[in-house]
Every structure is written in C-alpha cells, then in structure tokens.
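Written out below as structure tokens is the structure these notes cover.
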Amino acid sequence: QTPESKMASKWGMQIGGQVDIKRSDGRVHPAVVSGFNEATRSVTVEWFENQETKGKELDLQHLAALNTLVYNAVHEVVVAPGKTSQSMLSPPAPIRRPTRETKESKESKAPPPDKENQRAKVAPRLSAKGKEDKAFNNIQEIAQKREERRAKQEKQAARRVVAKANKGTNPNYEFQEMINDFTEGQVINEGMPADMIPSDRKITVCVRKRPLGKKELDACDVDVTSIPDGENMLLHECKLKVDLTKYLEQHEFRFDHSFDDTVQNAEVYKFTAQPLVRTIFDKGMATCFAYGQTGSGKTYTMMGVFKEGARTPDSSSGIYAMAAADVFRYNELPVNKAKNLTVSVSFFEVYGGKVFDLMNDRKRLRVLEDGKQQVNVVGLSEKVVTDLPDVLRELQAGTEVRVSGTTSANENSSRSHAVFQILLRTGPKARLHGKFSLIDLAGNERGADTSNASRQVRMEGAEINKSLLALKECIRALSMKSKHTPYRASKLTQILRDSFIGANTRTCMIAMVSPGLSSCENSLNTLRYADRVKELKKGGKAPRSSARPTPAEEWGQTSENTSDAAPAAHIDDVDETESDWLSDPSPLETSLARQDLKMLHESLKIKDQDQNANQFSFDVAVAEVLEQGEKVEAEHAACLQFERDVILEEDRLLEDINTVDYDVEVYARRLEEIVKAKIEKLTALQESVTDFRAHLRQEEEIAKKVGSSPGVRY
C-alpha cells in the first residue's frame, strides 16, 4: 500500500472504495475515493454523471456525517472484543446548523467580571411553592442586571477620566468619545462570522479595513470606521455645525464581505480571489483588484507584507502568491490533469498611460487593437512556471523595478497599476484556456496631494483617476449587461478588455480603507466608489450556510451548468501578423476612445455643467498630450536612426572622393539628396515638436480652469 492508501484506511476508507457524498442541491449518492490529503484532512472523490467524470474535494466532517465507518474513525470509536458499539449500529448524528452568536449568548459564555467573582452567587432555590421560586429568581435577575449596569457605568467613567487627562494632547478626544458612545449601543463582532461562505456571484465587492498605523497613533488619530459583522460597514464622519458644535454623521454601506483589522491575508484571500480560480479552469476570465487611497494596504493585500526596512514586500504572503499556489494545486486534480494545461505568468505595469514589462527590465510595450477589436500587448513577456518558487522569483524581480513615489500619505507609494496575470494554455499551439488577472491599483488620492502639484503630478493623478473611473464603469456595464462597455477610455481597461467581454467572466473588487480621521474623506470616497460598482441594500444580511464548504471542496467541484463554449476571443487565438495590427491609433479608434471618455463623465452626474465640461476638456487635453508625446518620441527615434544611416552613407561618399576614378557629378547629386532628406526629416520633427508644445500649453490653460488637482474630482 502507498502512504496515501494507508492514511485513507486509517480513516475508514480505501483508495478505489465507495463512500456516500452529499451534493450542493441535497442529492446523496456514492462516489469513488481517488485521493487523500492529510495536511488538509480532505478526501478527493470522483463519480460518473452525464457521460463525463466529475470530481470534488471534501473534508472528513462532511463524509463523517454520511458514512458510519468514517464517523467512527474520525471520532476514535473503540469497540472491545465480543462487544458491539452502539455508534457502529446507529448512523452518525446529523450535523446541526451553527447559529450566529448574539451579544447576550456571548456574554453568558464569557467569564464573569472580577466584581461578580468576589460576590457569592446564590443558586436558585428549589421549593414546592412555584410562586416563591419565581419571585426569588426575578430578584436574582434584577440584582445581576444592576451589577452589570454599575460595571458598565464605572467603565465609562474610567474612560472619561483618561480622555480628560489626554485632552491637552489629543485634539480629537471629543470625537473619540462620541464614536465610543455610538458603538456601545451596537453589536460589533470581530473577525468573519463562522457561518459565512464565499460569494459565488459574478461580481463580488468587498471592503477591508486596516489597523491604525504608528504615525496615526502618535498623532492621536481616531478610528472612524466600524464593521459590526461580515457585511455592513459604518463610517462615522466627524463634522462641525455653524456654531462649531461637533457632531457625527453616520454613513452605512453594505458589501458582499467586510473585513475588519483582525482579519489576515489568508482569510481575505479565501473570500475574494480563491473562489475565482475555478473560473479559469472552466475556460473563463477572472479579475481581482485592490482599490483605495495610498497607504490603505493595497500592496500589502495583493503582494505581501513589508518587512522592517524593506522597500519591497514579501511576495509569499500576498494574494498573488496564494492564487498561484492554488492554481498549481488544482491543476493536479484528476478532473483538471486530463486537460494537460500549462501554467504561465506575465507581469506588467501601467503608468501615465504607458505600459512597461516588469519581467523584461521595464521595456516599453505597445497596446494595439485590430479590426476585430482584439487587443494585443505587443512584446509582453510570458514565462512558463512549474511551481510556486518560480512565481515568487518573477514577482520579486518585477516588484523591485515597479514605479513608486512619495506622497503626503505614504513614503513608498505605488504610482502605477501593477497587473499580474496567470494564464492556462493547452494544445500544441498553446491556445488560451483561461486567464486570471490580479491587479494592485495605484492610490486614488494623488490629485489631492497639492504639496508638489507639478505637471507630472497633475497628469499622473488625472490618468490614475481616469483609469479607476473607467474600471468602475466597465464593471458596472458587466453587472448590468450593458450593450456597450467603455473599455477604450483608459489603457488599463483596454488591456483588460476580455475580462469584461464574455459570458464566463468573474470579477472581485477589494476596497481598501484607512480607518483614521485624517483619511476620512478619502475613505468615504473609496466606499462610495465600491458602493457605486455594485449597490446592495444597506443593513441587510446575506444568506448563510451551516454546511460551509471548505475552499478545497469549493474548488474540486465542477459546475454542472458550465458551458463548453470557448471564452471570448483572445489575442493569442488569432494570427499576429504585423499587418493585422494598427501600428498607430486610427481616427476611428481615437474617436471611439473619446466617446467612451464622454460616457465616463456622463456617469459622474455632476450638477455643474461647466465644471463637467472643463473636466472633460482637461481629460481630453491630457490624452492628446500623451498621444502627441508618443508621436514625437517615435519620430525622434526614427530621425536618429536615419541620421545613423546617413552618416554611414556620407562616410562612403568621402571615401570615394579619394579614389582615382570618382565622379564629382555623382558625388554632388548624392550629397544634395542627403541634405534634402535631412531637412525633410528635421522639418517634420520640428513641426511635431511645435504641435506638442501647443498641446502642453493648452493642457496648462485648461488645468487652471479646473484647479491644480483635477483628478480629485472623480
């Protein structure tokens, strides 16, 4: 027997044997045991249905509820010789649905306060006289509530004493007291509810709150956010009335999942990106991205923890690496292994409307679109990986060359959108089977950072916020099944086009929130952005399940309604001849991009029409500056190459002069042709530079109309 077979026998099973399983629709039927994982205490089973083999990974508790031998093995039932255990004859007890703990139930389970421990509690008196017993118990209950009320009052009084003592050093102590008074009347549970399961919706919107940082604590900042459960989030906006009276304005939001500051990366991954991995094995496109202001924890969530003194994160602890590990793991399942899939990765960034390859020394890439609306990132590196260490090496190398900068919120701020893609390919032509795009977006508040409002900062902020707005509208179009998706409005959404177009696509957004009072405005904008992506009824509760499947079970299960159709057409599924792709943006492509940009501004619903018109004009001006800049760069490079070739030609002409039989007429004619060609090239370059400078002046003038920080208006 193999070690795996011995381990399966230990739990009352045999490789190749049959066990009963329960499907998500309630059906119970036998299945064949095909594998056992001791680390996760899970079993892989297979069965034949609808003329195909299906598989699933189940934990031992699931099997123990349906199989007596497994139940006995899990619970270590020992049967003496010659005797029969009752549990061997009776089916295992059904697994009861766990209920959500209320505040009262938690208090009843918690140890009593110290004061209550000092008082001897009198047990309820048992008497034949029922009325006396009832009265006695009522008195005891009143006394207990009185003690609890007094303990609460003493706790509040002690807190107020500390707050008053810190009044001189903490300017926000009044707001802190108001928030504490409000939250004391709320039932707030830390962490994720035990009975919550990952969302299986086409679009999942989550929010994550980070803890207060050292700088915020040193500045006596106040936590203005509360997450009462795993779905709803409260933001306590601290405001002043006309008479300078302080008050709180409560903002309530509801999302698919809400993570407080006690939830770790692994649990965030379980509810966000992990359910999407199955999509790419079913010929689909999956997208997961983190959004939020600089310093809110986007890079920490997606790429890993920053170690002390390091400028790059530990890639093994982020969602990027966790998703890659699951892809390798589930590619080894029998149901997926038969597909003979190859795993490869690519890593690039979008900065200032330009695309750079992070796996090839930040080589500049071109994004082109053909007549069939297929988008190609020309020259993008794609490397085949066989295990997680290969992925971590590529992530670490790419992270070190990614663009970063310093803002008022973060000394090491990511100023670009980093896109890490995991691709599954099959067949001799390596045709695309599925693609998972994981994106660490740039911070959304750079436009408001006026400490260094240069043209670079201005245009950088405008491009970042325009791409974020375009991403939101593309997801909304996917959710609402709109006829048109404005993916041409930004370079980022243009690259991710096939993640928005197609039936088998899934998207997850993680909105990152900074909890401090100093970040309240940006946090509120982030929550409104996420709420706009997918509006859910406030204060509601999503359906819960007592039989929560493990991530492995959710992964191993194949969808019974999965379409066999191929995904939306992809750049690698067509012939990439040079003539097929548009070498430069055509007038039609530019016009369509302007139309998509106009759609974005119409979605903003700004009441001030002049303000909206100025903002649109500014975004158009920035786009024209970028386009004209690329044109000048290309012409300049072509002119330099022409000069290099001409210098070689002129050297040959000068060498011919020293020969005996040189023809002076040929020399003069050829030299004249070279000079004319130089003049034409330099004149064309001069005209392009003049036009480019005119666009720069136009952008400067429009920027003055909309203010020095246009991007913040998104």
Side-chain angles (χ1 to χ4, degrees), residues 346-371 374-382 398 401-403 416 455-456 459 463 491 494-495 571 575-590 593 622-659 662-697 699:
S346 61
F347 196 19
F348 60 92
E349 68 175 347
V350 181
Y351 174 73
K354 302 174 183 178
V355 184
F356 300 92
D357 192 346
L358 295 179
M359 292 170 55
N360 190 14
D361 296 327
R362 292 194 79 247
K363 178 184 176 183
R364 175 81 174 274
L365 304 173
R366 298 166 63 196
V367 180
L368 304 178
E369 185 175 350
D370 68 355
Q374 302 302 316
V375 179
N376 183 26
V377 183
V378 180
L380 177 63
S381 301
E382 183 179 322
V401 298
R402 183 184 176 189
V403 173
S416 65
R455 171 180 279 113
Q456 179 183 357
M459 294 182 61
E463 275 297 304
K491 197 71 71 177
Q494 187 179 12
I495 295 171
I571 54 174
D575 294 330
E576 297 180 11
T577 58
E578 187 66 25
S579 60
D580 289 337
W581 301 99
L582 304 173
S583 58
D584 292 305
S586 66
L588 175 61
E589 185 181 0
T590 303
V622 171
E624 289 177 348
V625 166
L626 294 174
E627 291 174 4
Q628 192 66 24
E630 291 182 1
K631 180 181 178 182
V632 170
E633 291 173 8
E635 290 186 6
H636 189 193
C639 188
L640 287 176
Q641 184 60 44
F642 173 77
E643 289 180 358
R644 295 188 187 98
D645 297 338
V646 166
I647 289 175
L648 295 176
E649 179 68 18
E650 290 177 319
D651 287 340
R652 285 193 293 269
L653 284 177
L654 291 175
E655 290 176 0
D656 291 343
I657 293 177
N658 298 323
T659 60
Y662 88 97
D663 189 338
V664 66
E665 178 66 25
V666 173
Y667 168 77
R669 185 176 66 253
R670 181 56 187 146
L671 182 59
E672 183 180 18
E673 292 174 354
I674 292 175
V675 172
K676 286 182 179 180
K678 280 185 176 182
I679 293 174
E680 290 177 359
K681 286 285 186 182
L682 292 175
T683 301
L685 180 59
Q686 183 183 28
E687 292 175 354
S688 296
V689 173
T690 302
D691 192 20
F692 183 39
R693 295 194 65 187
H695 281 89
L696 290 174
R697 288 192 296 270
E699 182 271 336

Checklist entry - Nearest 0.5 Å, what's the CD-CG distance between Glu624 and Asp691? => result 9.0 Å

Checklist entry - What heavy-atom pair brings Phe356 and Tyr351 nearest, and what distance separates the two atoms? => result CE1-O, 4.1 Å

Item to check | Closest non-hydrogen atom pair, Asn360 against Ser381 | outcome: CB-OG, 3.5 Å

Item to check | Chi angles and distances behind the salt bridge (charged side-chain N to carboxylate O under 4.0 Å, His left out) call for Glu649, Arg652 | outcome: CA-CA 5 Å; Glu649 179 68 18; Arg652 285 193 293 269; 2.6 Å; yes

Checklist entry - Roughly how far apart are Leu682 CG and Phe642 CZ, rounded to 0.5 Å? => result 8.5 Å

Next on the checklist: Would you say that Leu640 contacts Glu643 through its side chain, given a criterion of any heavy-atom pair below 4.5 Å between the two side chains?
Outcome noted: yes

Item to check | Contacts of type salt bridge (Lys or Arg N to Asp or Glu O under 4.0 Å), residue Lys678, not counting sequence neighbours | outcome: Glu650

Item to check | Working for side-chain contact (heavy atoms from CB on, under 4.5 Å), residues Val625 and Phe692 | outcome: CA-CA 7 Å; Val625 166; Phe692 183 39; 4.0 Å; yes

Checklist entry - Which residue, Val377, Asn376, Val378, forms the side-chain contact (heavy atoms from CB on, under 4.5 Å) with Leu380? => result Val377

Item to check | Heavy-atom closest pair, residues Ser688 and Lys631 | outcome: OG-CE, 4.2 Å

Next on the checklist: Could you check whether any side-chain N or O of Asp361 sits under 3.5 Å from a backbone N or O of Lys363, counting only pairs where one atom can act as donor and the other as acceptor?
Outcome noted: no

Item to check | Derivation of the side-chain contact (heavy atoms from CB on, under 4.5 Å) call for Glu635 and Val632 | outcome: CA-CA 5 Å; Glu635 290 186 6; Val632 170; 5.8 Å; no

Next on the checklist: Between Glu673 and Arg670, does the salt bridge (charged side-chain N to carboxylate O under 4.0 Å, His left out) criterion hold? Intermediate values first, please.
Outcome noted: CA-CA 5 Å; Glu673 292 174 354; Arg670 181 56 187 146; 3.0 Å; yes

Item to check | Check against side-chain contact (heavy atoms from CB on, under 4.5 Å), Tyr667 and Asp656 | outcome: CA-CA 8 Å; Tyr667 168 77; Asp656 291 343; over 6 Å; no

Next on the checklist: Looking at every non-hydrogen atom in both residues, tell me the closest pair between Gly352 and Leu626 and how far apart they are.
Outcome noted: O-CD2, 3.5 Å

Next on the checklist: Just verifying a value: how many Å separate Lys681 NZ and Gln686 CD, rounded to the nearest 0.5 Å?
Outcome noted: 15.5 Å

Next on the checklist: Rounded to the nearest 0.5 Å, what separates atom NZ in Lys491 from atom CG in Leu365?
Outcome noted: 11.0 Å

Item to check | Single hit among Arg364, Lys354, Arg362 for salt bridge (charged side-chain N to carboxylate O under 4.0 Å, His left out) with Glu349 | outcome: Arg362

Checklist outcome for this item: To the nearest 0.5 Å, atom CG of Leu653 lies from atom CG of Leu648 at 11.5 Å

Checklist entry - How far does CG of Leu368 sit from CD of Gln494, to the nearest 0.5 angstrom? => result 8.5 Å

